[in-house]
Amino acid sequence: MNRRMFIRNAAAVAVLGPLLGHGIARALSPESADWQAGLAQGGCNCAGSRGAPQPVEHRTDGELVYQGTHLLTYGAFRELAEHYRDDTGRPFIVYGGGCDDGIGAVQHRTAHLGGLCCPVEETRARDFFHLLVARDLKVVVTHPKVGIDGLSMDDLKAIMAGRIRRWSEVGGPDRPIAVLYRDHCPDYREPVRDVLFDNAQQWSPRGMSIDTDEHLTDTLARFESSIAVVSWVFAADRVERGELRSLKIDGVDPSAAAVQAGDYPLYGPLAVVSDRWQEAVMRPFFDYLYSPAGQSVVARRLIPVSAQEAGYRLPQPI
């Protein structure tokens, strides 16, 4: 067992054990089959079936390469790559990662496009060419046994900051609240943290930081007092199977329609950046992305944006 795994497991036992008291030490031990399976799923840095990306500056094979936020990787781009290839015959190679991975890949020219889940203007990519390609729906999720349907935004902020510590204070059972969170992109204006704390790191001192969204949803589904805010990309399957419950916020269900109407506040931009426009490989891809076929793929887990909203000009029909 490596040192990082030991520290992460020890933190889980120390923080969630006293709150939950449901055999957490055994469930999160490194010998646990479920724990090992969770690690095997891979996290933010998945590269699919390929190895490490290679420099693409002088590529002539017509392959468009993406690396960056795993929300785009898992939320749309892996599936979009298959449809794009089948419909156009063109390849689109997709790697995972985070915002910094996307920016670094563009800077080092190991990818044509870098993906960001934070506002581009607040990152090191602010001077790059960029396009908004989707929005990420964030959902507040709990274990179903918490037994509540929704929270006010004020109560959510108080829970995530540790000012409300028991579910009975918000209409739930008389048990402690276990706050789980991902404090990623600490140097940028991260959308969830921005809504909850005006981008400050004010998570509950009794909460636990989780490395990846996959591990976050896995831990939520295990422990009956837990709550977190997570991307719909990673919560959807578990919510649909009844393993997690998504909550209303101020009486509004999380949905693309609610975001588009301005009624639901938890969402974030998903953009791609590049250090230069490369017509031969980029134009066909973005034409497809903003077409009805591409938008239908994006809409399965993310909130699509139109070419007009993104400021991208589609080709005019002849």
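Along the sequence shown, the residues carry numbers beginning at 1.
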**Student:** Give the minimum heavy-atom separation between P284 and E279, together with the two atoms involved.
**Tutor:**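 Nearest pair, atom of P284 first, then E279: CD-O, 3.6 Å.
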**Student:** Any non-hydrogen side-chain atom of L64 less than 4.5 Å from a side-chain atom of Y66?
**Tutor:**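 Result no, sub-4.5 Å side-chain heavy-atom pair not found.
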**Student:** May I ask you to test the C117-P191 pair for a side-chain heavy-atom distance under 4.5 Å?
**Tutor:**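 The answer is no, as the side chains (C-beta and beyond) never meet within the 4.5 Å cut-off.
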**Student:** When you compare the side chain of L247 with that of L156, does any pair of heavy atoms fall below 4.5 Å?
**Tutor:**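 Answer no - side chains too far apart.
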**Student:** Applying the side-chain contact (heavy atoms from CB on, under 4.5 Å) criterion to R238, which one of V141, L220, D218 satisfies it?
**Tutor:**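 So, applying the side-chain contact (heavy atoms from CB on, under 4.5 Å) to R238 and each of V141, L220, D218, only D218 qualifies.
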**Student:** Which pairs with one or both residues in residues 126-150 pass ring-ring contact (aromatic ring centres under 6.0 Å, His included), sequence neighbours excluded?
**Tutor:**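 ring-ring contact (aromatic ring centres under 6.0 Å, His included) check on residues 126-150 returns F129-W277.
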**Student:** Taking side chain to side chain contact (heavy atoms under 4.5 Å, CB included) as the definition, give me every residue that meets it alongside V259, ordered by chain and number, with sequence neighbours left out.
**Tutor:**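 For V259 the side chain to side chain contact (heavy atoms under 4.5 Å, CB included) partners, ignoring immediate neighbours, are L137, Y264, Y267, I303.
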**Student:** Once rounded to the nearest 0.5 Å, what's the spacing between atom CE of M282 and atom CG of D287?
**Tutor:**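 Going from CE on M282 over to CG on D287, the span is 13.0 Å.
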**Student:** Verify side chain to side chain contact (heavy atoms under 4.5 Å, CB included) between L180 and F223, making sure each step is shown before the conclusion.
**Tutor:** CA-CA 11 Å; L180 309 178; F223 304 113; 5.9 Å; no
**Student:** Which heavy atom of P119 sits nearest a heavy atom of R189, and at what distance?
**Tutor:**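 That closest heavy-atom pairing would be CD-O, 3.1 Å.
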**Student:** Under the criterion side chain to side chain contact (heavy atoms under 4.5 Å, CB included), I'd like the reasoning laid out for H83 against S296: C-alpha separation, chi angles, the key distance, then a yes or no.
**Tutor:** CA-CA 11 Å; H83 289 269; S296 68; over 6 Å; no
**Student:** Hey, are the side chains of R163 and Q202 touching, using non-hydrogen atoms and a 4.5 Å cut-off?
**Tutor:**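 Not touching, per the 4.5 Å side-chain cut-off.
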**Student:** Taking the side chain as everything from C-beta on, heavy atoms only, tell me whether L113 gets closer than 4.5 Å to F286.
**Tutor:**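 A side-chain contact under 4.5 Å exists here.
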**Student:** Would L244 end up clustered with I148 when hydrophobic side chains under 4.5 Å apart are linked, directly or stepwise?
**Tutor:**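 Yes, one cluster joins them.
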**Student:** Considering only residues two or more places apart or on different chains, which pairs with a residue in residues 288-311 satisfy ring-ring contact (aromatic ring centres under 6.0 Å, His included)?
**Tutor:**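 Residue pairs with at least one partner in residues 288-311: Y84-Y288, Y290-Y312.
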**Student:** Hydrophobic cluster membership, with links at side-chain heavy-atom distances under 4.5 Å among I/L/V/M/F/W/Y: are V281 and V273 in one?
**Tutor:**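 No; tracing contacts between hydrophobic side chains, which count when under 4.5 Å, never links both residues.
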**Student:** Taking a hydrophobic cluster as the set of Ile, Leu, Val, Met, Phe, Trp and Tyr residues connected by side-chain heavy atoms closer than 4.5 Å, whether directly or through intermediates, do I177 and I210 fall within one such cluster?
**Tutor:**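 Yes; tracing contacts between hydrophobic side chains, which count when under 4.5 Å, links both residues.
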**Student:** Take V65 and T110, measure what side chain to side chain contact (heavy atoms under 4.5 Å, CB included) needs, and give me the verdict at the end.
**Tutor:** CA-CA 8 Å; V65 179; T110 56; over 6 Å; no
**Student:** What distance separates Q295 CD from L80 CG, expressed to the nearest 0.5 Å?
**Tutor:**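 It comes to 10.0 Å.
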**Student:** D187: what forms a side-chain hydrogen bond (donor to acceptor under 3.5 Å, both in side chains) with it, not counting sequence neighbours?
**Tutor:**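 Testing D187 for side-chain hydrogen bond (donor to acceptor under 3.5 Å, both in side chains), a comparison that skips the adjacent residues, returns none.
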**Student:** Check side-chain hydrogen bond (donor to acceptor under 3.5 Å, both in side chains) between Q308 and all other residues, then give those that pass, not counting sequence neighbours.
**Tutor:**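 side-chain hydrogen bond (donor to acceptor under 3.5 Å, both in side chains) check on Q308 returns nothing, list empty.
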**Student:** Quick one: salt bridge (charged side-chain N to carboxylate O under 4.0 Å, His left out) partners of D183, sequence neighbours excluded?
**Tutor:**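 By the salt bridge (charged side-chain N to carboxylate O under 4.0 Å, His left out) rule, D183 matches R193.
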**Student:** Below 4.5 Å, heavy atoms only, C-beta onward: do I227 and V146 meet side chain to side chain?
**Tutor:**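 Sidechains of V146 and I227: no contact.
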**Student:** Which pair of non-hydrogen atoms, one from S204 and one from I159, has the smallest distance, and what is that distance?
**Tutor:**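 Closest approach of S204 to I159, heavy atoms only: CB-O, 4.2 Å.
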**Student:** Nearest 0.5 Å, what's the CG-CG distance between L302 and L71?
**Tutor:**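 L302 atom CG to L71 atom CG measures 7.5 Å (nearest 0.5 Å).
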**Student:** Does any pair with a residue in residues 251-260 pass side-chain hydrogen bond (donor to acceptor under 3.5 Å, both in side chains), and if so which ones, sequence neighbours excluded?
**Tutor:**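 Every pair satisfying side-chain hydrogen bond (donor to acceptor under 3.5 Å, both in side chains) with a residue in residues 251-260: there are none.
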**Student:** Indicate yes or no for a side-chain donor-acceptor contact from R283 to the backbone of A280 under 3.5 Å, with no hydrogens or angles considered.
**Tutor:**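 No: the side chain of R283 does not pair with the backbone of A280.
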**Student:** If a pair satisfies ring-ring contact (aromatic ring centres under 6.0 Å, His included) and one of its residues is in residues 189-213, list it, with sequence neighbours excluded.
**Tutor:**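 Matches after skipping sequence neighbours: Y181-W203, F197-W203.
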**Student:** With sequence neighbours left out, which residue pairs that include part of residues 128-137 fulfil the salt bridge (Lys or Arg N to Asp or Glu O under 4.0 Å) condition?
**Tutor:**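 Matches after skipping sequence neighbours: R135-E309, D136-K138.
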**Student:** Could you pull out the closest heavy-atom pair between C99 and C118, with the gap in Å?
**Tutor:**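 Closest approach of C99 to C118, heavy atoms only: SG-N, 3.9 Å.
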**Student:** So, using side-chain hydrogen bond (donor to acceptor under 3.5 Å, both in side chains) as the criterion, who are the partners of R124 when residues are at least two apart?
**Tutor:**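 So R124 forms a side-chain hydrogen bond (donor to acceptor under 3.5 Å, both in side chains) with D100, Q107, Y188.
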**Student:** How many angstroms lie between atom CG of L270 and atom OG of S231, to the nearest 0.5 angstrom?
**Tutor:**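 The CG atom of L270 sits 7.5 Å away from the OG atom of S231.
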**Student:** Is I103 reachable from L131 through a run of I, L, V, M, F, W or Y residues, each pair having side-chain heavy atoms under 4.5 Å apart?
**Tutor:**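 No: no chain of side-chain contacts under 4.5 Å links L131 to I103.
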**Student:** Side chains of D174 and R166, heavy atoms from C-beta outward: is any pair under 4.5 Å?
**Tutor:**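 Yes, close enough: below the 4.5 Å cut-off.
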**Student:** Donor-acceptor pair, S274 side chain versus H112 backbone, under 3.5 Å?
**Tutor:**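 Pair found, side chain donor or acceptor close to backbone of H112.
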**Student:** Please report the C-alpha distance between R182 and D213 in whole Å, then the side-chain angles of each, then the deciding distance to 0.1 Å, and finally whether the side chain to side chain contact (heavy atoms under 4.5 Å, CB included) criterion is met.
**Tutor:** CA-CA 7 Å; R182 281 202 68 214; D213 290 298; 3.0 Å; yes
**Student:** How far does CG of D194 sit from CG of N199, to the nearest 0.5 angstrom?
**Tutor:**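 So the gap between those two atoms works out to 5.0 Å.
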**Student:** Of all the heavy-atom pairs spanning A125 and L116, show the shortest one and how long it is.
**Tutor:**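 For A125 versus L116, the nearest heavy atoms are CB-CD2, 4.3 Å.
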**Student:** Any non-hydrogen side-chain atom of V229 less than 4.5 Å from a side-chain atom of V195?
**Tutor:**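 Counting from C-beta outward, V229 and V195 never come under 4.5 Å.
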**Student:** Under 4.5 Å between side-chain heavy atoms, counting indirect links through other Ile/Leu/Val/Met/Phe/Trp/Tyr residues: same cluster for V179 and L196 or not?
**Tutor:**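 Yes, one cluster joins them.
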**Student:** State, to 0.1 Å, how close V120 and A271 come at their nearest heavy-atom pair, and which atoms those are.
**Tutor:**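 Nearest heavy atoms, V120 then A271: CG2-CB, 3.7 Å.
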**Student:** If you look only at pairs with a residue in residues 231-263, which of them pass as a ring-ring contact (aromatic ring centres under 6.0 Å, His included), with sequence neighbours excluded?
**Tutor:**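 Residue pairs passing ring-ring contact (aromatic ring centres under 6.0 Å, His included), neighbours aside: H70-F234, Y74-F234.
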**Student:** Show me the pairs that pass salt bridge (Lys or Arg N to Asp or Glu O under 4.0 Å) and involve residues 147-157, at least two apart or across chains.
**Tutor:**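 As it turns out, the salt bridge (Lys or Arg N to Asp or Glu O under 4.0 Å) pairs with a partner in residues 147-157, which skip direct neighbours, are D149-R245.
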